[in-house]
Structure formats: C-alpha cells, structure tokens
Peer 1: 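Starting off with a structure, shown below.
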Number of protein chains: 2
Amino acid sequence: MADLNAPPMAQALRDAGYRLTQPRLAVLQVLDENDAGLNPEAIYDRGRAIYPSLGLVTVYRTLDLLAELGLVRRVHSEHRCHSYASAGTDRHHLICAGCHRVTEFPCNGLDALIEAVRQQTGYTVTEHLLELTGLCPACQASQAA
Amino acid sequence: MADLNAPPMAQALRDAGYRLTQPRLAVLQVLDENDAGLNPEAIYDRGRAIYPSLGLVTVYRTLDLLAELGLVRRVHSEHRCHSYASAGTDRHHLICAGCHRVTEFPCNGLDALIEAVRQQTGYTVTEHLLELTGLCPACQASQAA
DNA sequence: AAGTTTATTGAAACGTTTTTTCAATAAGGG
DNA sequence: CCCTTATTGAAAAAACGTTTCAATAAACTT
C-alpha cells in the first residue's frame, strides 16, 4: 500500500487509528485538490475518477469521520448546508459567493469577542462557528469587466 | 379575523403583503413560545395542537417565507442544520448544548474584525454567520449539582 | 352582508439527502 | 501466508424537503 502521493490528511487518519483504504484515499484526494466546498455527490463523482468502485455511502461515512477528526468542516448557508471543505489550523471559512471557493482565515480578536459574550450572558462557550461570505478578488475583478 | 393574540411576527408578515392564515399563525405562535431551536417536524407537532389541520408542507413553506423576511434563522451545527429559531434585531445565535435554548446576542466588534479580514484577503464581505455554542447558566448550575 | 379574487392550503406524490443492513472484501498485523 | 476485523458498496430504508392541484379561506369590493 504505497502512500507516496497520499494527501496530508491521510497521516492524520492513520495516526488516529483508522485504516487507509483506497476509497478513503480517493475522497481525501478530491478534497485536497479542490478549494471549493463540495457536496457529497460532487465528491463521489470526482472520487470515482480516481477509484471507480467508490460508493456514495462511503463518501458520507468518510466525510463524517473526517469531520469528527476536525479534518473537514461543513460549509453553511441560510438555504443549504450540504458542502464540506478541508479544515486546516485556521478555524474559519471565507466563502466566495461567485466561484464557491472556500478559504480559511485566522480570526484574531474573536477570543476577546467571545469572552465579552461570556461575561454578558453567563454562558460558557465551547464551540464557535464563523463564516464570512463575499466575493474573492478574482470574482470582483471579473464582475467589474 | 381576530389578531388580538397574534405574535409580533404576524404584523411583519402583513406589512410585507402576506395573508395571515390560521396555519401561519399557528407556526408563528410555536416559534414565539419556544426559545429552543425547533426542526420542522417539531414545529408541525406543536402547531397541530393549536390548529389541528396544519400540514407539514405548510410548516416548511412558512419557515421559508419567514427566513426570507429575516424573521427566523436556521440554526447551524456541524452535524445537522435543520432547526429554526426566531430572529430579532440582534444577529447572532448563542446556543445551549444542554437545553438547546437559542439566545440572540449583539456582537459588537465583529465589524472591525470583518474589516481586518477584508484588508488581509481582498474579499468583500457581504454576509456573515456567527454562532456560539456552550452551556447556559441554568444548565451549568444543574450540571454542577 | 354577499360576492369575487386570489393567496394559501394539505394530501399525495415525488425528489433529494442521508443512514442502515449485511455479505463480501481488503488493510494491516503476526 | 494466514488471520483478524475494519471497511466496503448495493439495496433498502429513513429522513428531509418540494411539487402538483383541487379545495379552502383571507381579504377586498360592492
């Protein structure tokens, strides 16, 4: 089982005690090669180009596992929340409404903001979700033309 | 058509040019009386106690309409994004992981944070989503006992 | 109050997304 | 190589959401 070209997330999977199967590697590769959020069916379609026996169920299971391990995150919108994108060390998604590209950004200052909310409301805060949506520079440029 | 006890959102609906039907009022009342995020089926069950002929399809349609008007918002989580809660003037949800209560909070400082991201990335930012999850004071107290 | 207009309804049917079941397969260890 | 068992994928099922359309009811007009 050669892992010379395995995406970086593969090591994290192995380190967590999971097996590196061909279907999982195909899913990982699709996620690695695409910076737009992709829904399970799109991942399935692209994954079958890499591993033709890939099953849609496996895509769902793999995404769930990766999400559990914090390696991917769901991409949220008001209408649909079906897409997933890779999750790096930066925690927050910046989503282009034009090309659907998903970029991560660190959000300095959010800790202070959360602390203020904690003091105002008495809530502990254990999880937070922040997504910003707008147009990336490339889409801004092409819309201006 | 008496609206003596109509929830506040009813006026917003009427002002937007929509009819205040019994099914819609039932949905509005359910949302008004519950501070936990509720999924469509839960709203349907509770709504039928108010208006027995209520249909599930109507719940979905009413939620869509209310969301379109900014009167309710979807509640997001990593696993499921099926719940809705009332939306007031404050924009952001604070969700209790214990009792599922959804509270809104204003988030002073987020504008500055978004501006910093804009300058770092070149993105315009037209929408933002922020949710904080933790334990409310009541659940903290009951867990400590 | 009665009549008219038309927005809205709900059940049935349908479409989409996600999960379960289970025999078969394959990853990884000895 | 053999063994263990995690994982797979197709079929089936469950869950979530939308469309169709005749009937109903909200709101307006007279």
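Letters go in sequence order (proteins before strands), and every chain restarts at 1.
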Peer 1: Please find the pair of heavy atoms, one from A:Cys99 and one from A:Ala36, that lie closest to each other, and give the distance.
Peer 2: O-CB, 4.3 Å
Peer 1: Restricting to side-chain contact (heavy atoms from CB on, under 4.5 Å), what partner residues turn up for A:Ala10, sequence neighbours left out?
Peer 2: A:Ala6, A:Leu20, A:Leu25, A:Leu28
Peer 1: Is B:Tyr60 close enough to D:dT18 that one of its side-chain N or O atoms is under 4.0 Å from OP1 or OP2 there?
Peer 2: no
Peer 1: Closest heavy-atom contact between A:Ala26 and A:Gly47?
Peer 2: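 It is CB-O, 4.0 Å.
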Peer 1: Output one letter per nucleotide in nucleotides 3-12 of chain C: B when a protein non-hydrogen atom lies under 4.0 Å from the base, S when only the sugar-phosphate is that close, - when neither is.
Peer 2: ---BBSBB-B
Peer 1: Between atom CD in A:Gln22 and atom C1' in D:dA6, what is the gap in whole Å?
Peer 2: 15 Å
Peer 1: List for me each residue that meets salt bridge (charged side-chain N to carboxylate O under 4.0 Å, His left out) alongside A:Arg48, sequence neighbours excluded, and say none if there are none.
Peer 2: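 Residues passing salt bridge (charged side-chain N to carboxylate O under 4.0 Å, His left out) with A:Arg48: A:Asp45.
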Peer 1: If a pair satisfies side-chain hydrogen bond (donor to acceptor under 3.5 Å, both in side chains) and one of its residues is in residues 95-121 of chain B, list it, with sequence neighbours excluded.
Peer 2: A:Tyr123-B:Thr103, B:Asp35-B:Arg101, B:Glu115-B:Arg118, B:Glu115-B:Gln119
Peer 1: Mind listing the residues from residues 74-87 of chain A sitting with a heavy atom below 4.0 Å of DNA chain C? Number order is fine.
Peer 2: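 Within residues 74-87 of chain A, the residues near DNA chain C are A:Arg80, A:His82.
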Peer 1: Can I get a per-line list of side-chain donor-acceptor pairs under 3.5 Å for residues 63-74 of chain B, giving both atom names and the distance, sequence neighbours left out?
Peer 2:
{"from": "B:Arg74", "atom 1": "NE", "to": "A:Glu78", "atom 2": "O", "distance (Å)": "2.8"}
{"from": "B:Arg74", "atom 1": "NH1", "to": "B:Cys81", "atom 2": "O", "distance (Å)": "2.4"}
{"from": "B:Arg74", "atom 1": "NH2", "to": "A:His79", "atom 2": "O", "distance (Å)": "3.3"}
{"from": "B:Arg74", "atom 1": "NH2", "to": "B:Tyr84", "atom 2": "OH", "distance (Å)": "3.1"}

Peer 1: Look at the side chain of B:Arg14 and the backbone N and O of B:Arg19, then say whether any donor-acceptor pair between them is shorter than 3.5 Å.
Peer 2: no
Peer 1: Side chains of residues 135-145 of chain B: which donor-acceptor partners sit under 3.5 Å, not counting sequence neighbours?
Peer 2:
{"from": "B:Gln140", "atom 1": "NE2", "to": "A:Gly122", "atom 2": "O", "distance (Å)": "2.7"}
{"from": "B:Gln140", "atom 1": "NE2", "to": "B:Leu135", "atom 2": "O", "distance (Å)": "2.8"}
{"from": "B:Ser142", "atom 1": "OG", "to": "B:Ala138", "atom 2": "O", "distance (Å)": "3.4"}
{"from": "B:Ser142", "atom 1": "OG", "to": "B:Cys139", "atom 2": "O", "distance (Å)": "3.2"}

Peer 1: How would you list all residue pairs meeting salt bridge (charged side-chain N to carboxylate O under 4.0 Å, His left out) that involve residues 134-145 of chain A, not counting sequence neighbours?
Peer 2: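 Every candidate salt bridge (charged side-chain N to carboxylate O under 4.0 Å, His left out) pair involving residues 134-145 of chain A fails, so no pair, neighbours aside, qualifies.
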Peer 1: Under 3.5 Å, side chain of A:Asn39 to main-chain N/O of A:Glu41, donor-acceptor pair present?
Peer 2: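 Yes, A:Asn39 side chain to A:Glu41 backbone: donor-acceptor pair under 3.5 Å.
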Peer 1: Grab the two heavy atoms, one from B:Val102 and one from B:Ala85, that are nearest each other, plus how far apart they are.
Peer 2: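 Here B:Val102 and B:Ala85 meet closest at CG1-CB, 3.9 Å.
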Peer 1: Near DNA chain C, counting only heavy atoms under 4.0 Å, which residues of residues 35-43 of chain A show up?
Peer 2: A:Pro40, A:Glu41
Peer 1: Rounded to 10°, tell me the angle between the two end axes of the helix from C:dA1-D:dT30 to C:dG30-D:dC1, each built from five pairs.
Peer 2: 40°
Peer 1: Tell me every residue that passes side chain to side chain donor-acceptor pair (under 3.5 Å) with A:Arg61, counting only those two or more places apart in sequence or in another chain.
Peer 2: none
Peer 1: Which donor-acceptor pairs under 3.5 Å do side chains of residues 125-132 of chain A form with protein atoms, sequence neighbours excluded?
Peer 2:
{"from": "A:Thr126", "atom 1": "OG1", "to": "B:Thr133", "atom 2": "O", "distance (Å)": "3.1"}
{"from": "A:Glu131", "atom 1": "OE1", "to": "A:His76", "atom 2": "N", "distance (Å)": "3.2"}
{"from": "A:Glu131", "atom 1": "OE2", "to": "A:His76", "atom 2": "N", "distance (Å)": "2.8"}

